[in-house]
2 protein chains.
Amino acid sequence: MFWICGFYIMTPRKPKSENSIVDIAKALGISPATVSRALNNNLRISEATRKRVKEMAKEMGYRHNSMASSLRNRRSNTIGLIVPRISMYFHAFFITSLQRQLQAAGYNLMICQSNDSVKLEKELANSLYSARVDALVVSLTLYTEDFTHFEGFLKQGIPLVFYDRVPPEGTPAYIIKGDDYRGGLLAGNHLIAAGCRRIAYISGPPSSSIYRERTRGFQDALAKQGTALREEWVHQHELTTENAWNSLRRLFDGEEVPDGLFAANDTTAIAAVEFARERGIRIPEDLRIIGYSNDPRTSIITPSITSIEQYPNEMADKVAETLLGALQHTTGVPIEIGTPVVCPVDLVRRMTT
Amino acid sequence: MFWICGFYIMTPRKPKSENSIVDIAKALGISPATVSRALNNNLRISEATRKRVKEMAKEMGYRHNSMASSLRNRRSNTIGLIVPRISMYFHAFFITSLQRQLQAAGYNLMICQSNDSVKLEKELANSLYSARVDALVVSLTLYTEDFTHFEGFLKQGIPLVFYDRVPPEGTPAYIIKGDDYRGGLLAGNHLIAAGCRRIAYISGPPSSSIYRERTRGFQDALAKQGTALREEWVHQHELTTENAWNSLRRLFDGEEVPDGLFAANDTTAIAAVEFARERGIRIPEDLRIIGYSNDPRTSIITPSITSIEQYPNEMADKVAETLLGALQHTTGVPIEIGTPVVCPVDLVRRMTT
DNA sequence: TTGTACGCGTTATCAC
DNA sequence: GTGATAACGCGTACAA
């Protein structure tokens, strides 16, 4: 790196190799082993040499090489995370919380996005597998129904944790999920209790565990009250704003229109509120709406939207606890897996109901 | 891994080591070198042996070891990212976009959060430095004014890119920033043009480049119109909802109250709208408000909030382009650095002005 | 087209 | 307390 014409110039790939502990050892006339021990604060090294070594290391611009260390120790101190989309509220908060805890425990988190593509999810899983992550945390794409790309982790005994969007019960991995069944149940009961009788439902693809469960809970709630979901008032698709508007138009173009709507995510619920505003549908008098996830936007919009809180931080706590537990049990203490841990959800009542 | 009582049990740390290319070589009666070449699709290996090798590899459950490979190649194929908070709208979208591009180029992205702590930022920088990331991307904490923890990267010729919250001009690294000065200018001009004369300003800490620039632009706009910012109507602090409410109370408790407010982030602008609603202050008649970042919440709240769009995706494009350019120039073609690349911003007018 | 031999940087192990 | 040695798994210059 040198100075030319007022601009720094740099050649990205440095040719000459850096100083290693061997170089330090040579410079000090001691053995590499001693240097290594000194740098790792090994107790059996005299205070004097330790100091000498550290000073020389600093002087020579030495930096620890985690790649070599990982190779030698057979552990990368890195945990992989595959998430559909970082920018989804629930995941953003989950990640923030999880990362803070893993960071504190000395682990790096390699965060990857599948972007809800099964193909990409497979590639990422393989890549993290080769990268020798010490554990893998996954929230599945909406469409993952084949899990073979995770089998390697199981075979190698690498802790594998699914959260939120999880594989079926019995899958030999840690499973930590929200209580989506209860979420659906709460939503259904709430709409019924509020007096809704013509109830519509916009759900995500049933290939995803969360929507299957929410649907089941919701149906059970209605069934218990003798109300059944009309088939033409159930829409299933990816829950984007655009898709929501399409479904809403179809729902409200008929003779008879719904007086209650359960939207399986908040983006859809928000679209519904805006749709109603545009159409002059009064909320909650003509239409009651309930969303899912308690996205911050639901409390900001007017009218504010009733939603189901999923407690992303608490779920991250649970995942971190499970993960660190699994990683610490190097002794071979067995850990039960395959039975989902179900995290609580709550209904947050606001102005749309 | 074995089956007990209906549960899988697994011992996380596997004792026996895995198959390496050496094992494959032995099994096939050929040399490890040939196996390595075959797996890397080296042209000089016969189609026949290549096939045999790959089949045997699959059969033996072989997985490539990136750690060993990285060590040998002296490159990790990993890029480090230090960001204050993943959950901030701007950063969430930036990351999403950046990661997609780096992923496509064959790089892993190691995302870390400084949580706006200088201490943590230093630790993370050192950790990524040891991890031998091929490049580092950073958006600084609000309080970073000392940059020594990034010097190592420069000395080693490791591409270093700052974005959004950046160090001072002339710092020998790639600098890609939003046009915060212009953002402030646009905000100021807009409020003046709308007829505001008693203008308040809530800014973030001036230790951060973005707020210094926004402030400068805003002041220049007002000065040009002969309006000056009253000192008691300027508040500077971390832009949280709670801090916003405190400042707002003080701003509106006096005899004379502001008729215009520039909030240097949208969280603060949102708080202002809610504050006004509570106090019965009419918007925009009594008070005009403009925020910064064009957070999705600004378009959802009623009244929707005028804000400055920063185009996180475009900034990510620029960062990716710079990064990949720097990484590809292994030949030693020099790249100019130290001069900030400034990305455009735009004012998005909504109902609060 | 394939094999040999060595080095990447670190650390566990055994010896002194 | 410290040193010598041998891996960890891979890639490549050189030789055949």
Side-chain angles (χ1 to χ4, degrees), chain A residues 13-54 56-57 60-78 129-134 156 330, chain B residues 13-54 56-57 60-77 129-134 156:
Chain A
R13 306 270 300 144
K14 203 177 58 74
K16 191 202 152 286
S17 95
E18 296 176 43
N19 290 321
S20 71
I21 53 172
V22 178
D23 299 310
I24 297 179
K26 276 180 194 155
L28 250 42
I30 57 177
S31 91
T34 306
V35 175
S36 171
R37 287 191 273 246
L39 291 173
N40 291 323
N41 293 316
N42 188 312
L43 297 170
R44 310 185 310 191
I45 294 294
S46 74
E47 190 57 49
T49 44
R50 192 184 310 178
K51 195 172 179 189
R52 280 204 310 151
V53 168
K54 290 197 172 174
M56 180 57 82
M60 295 178 69
Y62 167 80
R63 59 166 166 161
H64 178 77
N65 189 326
S66 344
M67 278 156 20
S69 180
S70 294
L71 178 60
R72 181 65 236 245
N73 295 326
R74 288 141 157 269
R75 63 196 312 246
S76 61
N77 269 308
T78 296
Y129 186 54
S130 293
R132 297 294 205 270
V133 290
D134 293 342
Q156 299 298 343
T330 57
Chain B
R13 307 269 300 144
K14 202 176 58 73
K16 192 201 153 286
S17 94
E18 297 177 42
N19 291 322
S20 71
I21 52 172
V22 179
D23 299 309
I24 297 180
K26 277 182 194 153
L28 251 41
I30 59 179
S31 89
T34 307
V35 175
S36 171
R37 287 191 270 250
L39 290 173
N40 291 324
N41 291 317
N42 189 310
L43 297 170
R44 311 183 311 191
I45 295 295
S46 75
E47 190 57 48
T49 43
R50 191 183 313 178
K51 194 171 178 186
R52 278 206 308 151
V53 168
K54 290 198 173 176
M56 180 56 83
M60 296 178 68
Y62 168 81
R63 61 166 164 161
H64 179 77
N65 189 326
S66 339
M67 278 155 23
S69 179
S70 295
L71 178 60
R72 182 65 238 247
N73 295 327
R74 288 142 158 267
R75 61 196 311 249
S76 61
N77 269 307
Y129 186 55
S130 294
R132 295 296 202 270
V133 290
D134 292 342
Q156 300 296 343

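What you see below is based on every heavy atom in this structure, not just the backbone, and it leaves out hydrogens, waters and symmetry mates. In what follows, chains carry the letters A, B, and so on, assigned in the order in which the sequence lines appear, proteins first and then strands, with residues in each chain numbered from 1. These numbers were taken from a predicted model, which means no experiment stands behind them.
The shortest distance between the side-chain N/O atoms of A:T49 and the OP1/OP2 oxygens of D:dG1 is not below 4.0 Å. Within the 4.0 Å cut-off from OP1 or OP2 of C:dG3, at least one side-chain nitrogen or oxygen of B:S31 is found. Proximity of A:T34 to the phosphate of D:dG1: no side-chain N or O atom is located under 4.0 Å from OP1 or OP2. Regarding contacts with the backbone of D:dC8, every side-chain N or O of A:N73 stays at 4.0 angstrom or more from both OP1 and OP2. Listed pair A:R74 / D:dG9 meets the phosphate criterion, a side-chain N or O lying under 4.0 Å from OP1 or OP2. At least one side-chain nitrogen or oxygen of B:S69 sits closer than 4.0 Å to the OP1 or OP2 atom of D:dG11. Under 4.0 angstrom from either OP1 or OP2 of C:dT2 there lies at least one side-chain N or O belonging to B:S46.
Heavy-atom distances to DNA chain C give each of A:S66 and B:G29 a nearest nucleotide, and the one nearer the 5′ end belongs to B:G29. Projected onto DNA chain C by closest heavy-atom contact, B:I30 and A:Y62 fall at different nucleotides, the more 5' of which corresponds to B:I30.
Considering only heavy atoms from C-beta on, A:T49 stays 4.5 Å or farther from A:I30 through its side chain. With contacts defined as side-chain heavy-atom distances shorter than 4.5 Å, the pair A:M67/B:R74 does not qualify.
Summarising the geometry, the separation between CZ on A:R44 and P on C:dA12 is reported as 10 Å, rounded to the nearest angstrom. Distance, B:N41 CG to C:dT1 P: 14 Å, rounded to whole Å. Per the geometry, CZ belonging to A:R37 stands 8 Å off C1' belonging to D:dG1, to the nearest Å. Spacing between atom CZ of A:R75 and atom C1' of C:dT10 amounts to 15 Å, rounded to whole angstrom units. Rounding to whole angstrom units, CE of residue B:M67 and P of D:dG11 are separated by 13 Å. The CG-P distance, from B:L43 to D:dT12, rounds to 13 Å in whole Å. At whole-Å resolution of the value, CZ in B:R63 and P in D:dG9 are 10 Å apart. As a whole-Å value, the separation of B:K26 NZ from C:dG3 C1' is 16 Å.
For A:H64, counting side-chain heavy atoms from C-beta on, the closest listed nucleotide (D:dC10, D:dT2, C:dT10) is C:dT10. Side-chain atoms of A:A33 lie closest to D:dA4 of the nucleotides C:dT11, D:dG11, D:dA4. Of all nucleotides listed (D:dC10, C:dA12, D:dG9), D:dG9 comes nearest to the side chain of A:L71. The side chain of B:R72 approaches D:dC10 more closely than any other nucleotide in the set C:dA12, D:dT2, D:dC10. Among D:dG9, C:dT13, C:dT10, the nucleotide with an atom closest to any side-chain atom of A:N65 is C:dT10.
Nearest heavy-atom pair across A:A68 and B:L71 is CB-CD1, 3.8 Å.
Base engagement by A:S36 is indicated by at least one non-hydrogen atom pair under 4.0 Å involving a base atom. Within the 4.0 angstrom heavy-atom criterion, base atoms lie near A:V22.
Residues B:K54 and B:N41 bring a donor and an acceptor atom of their side chains to less than 3.5 Å of each other.
In this structure, B:S66 contributes its side chain and A:S130 its backbone to a donor-acceptor pair below 3.5 Å. In this structure a side-chain-to-backbone donor-acceptor pair under 3.5 Å is missing from B:R37 to B:I45.
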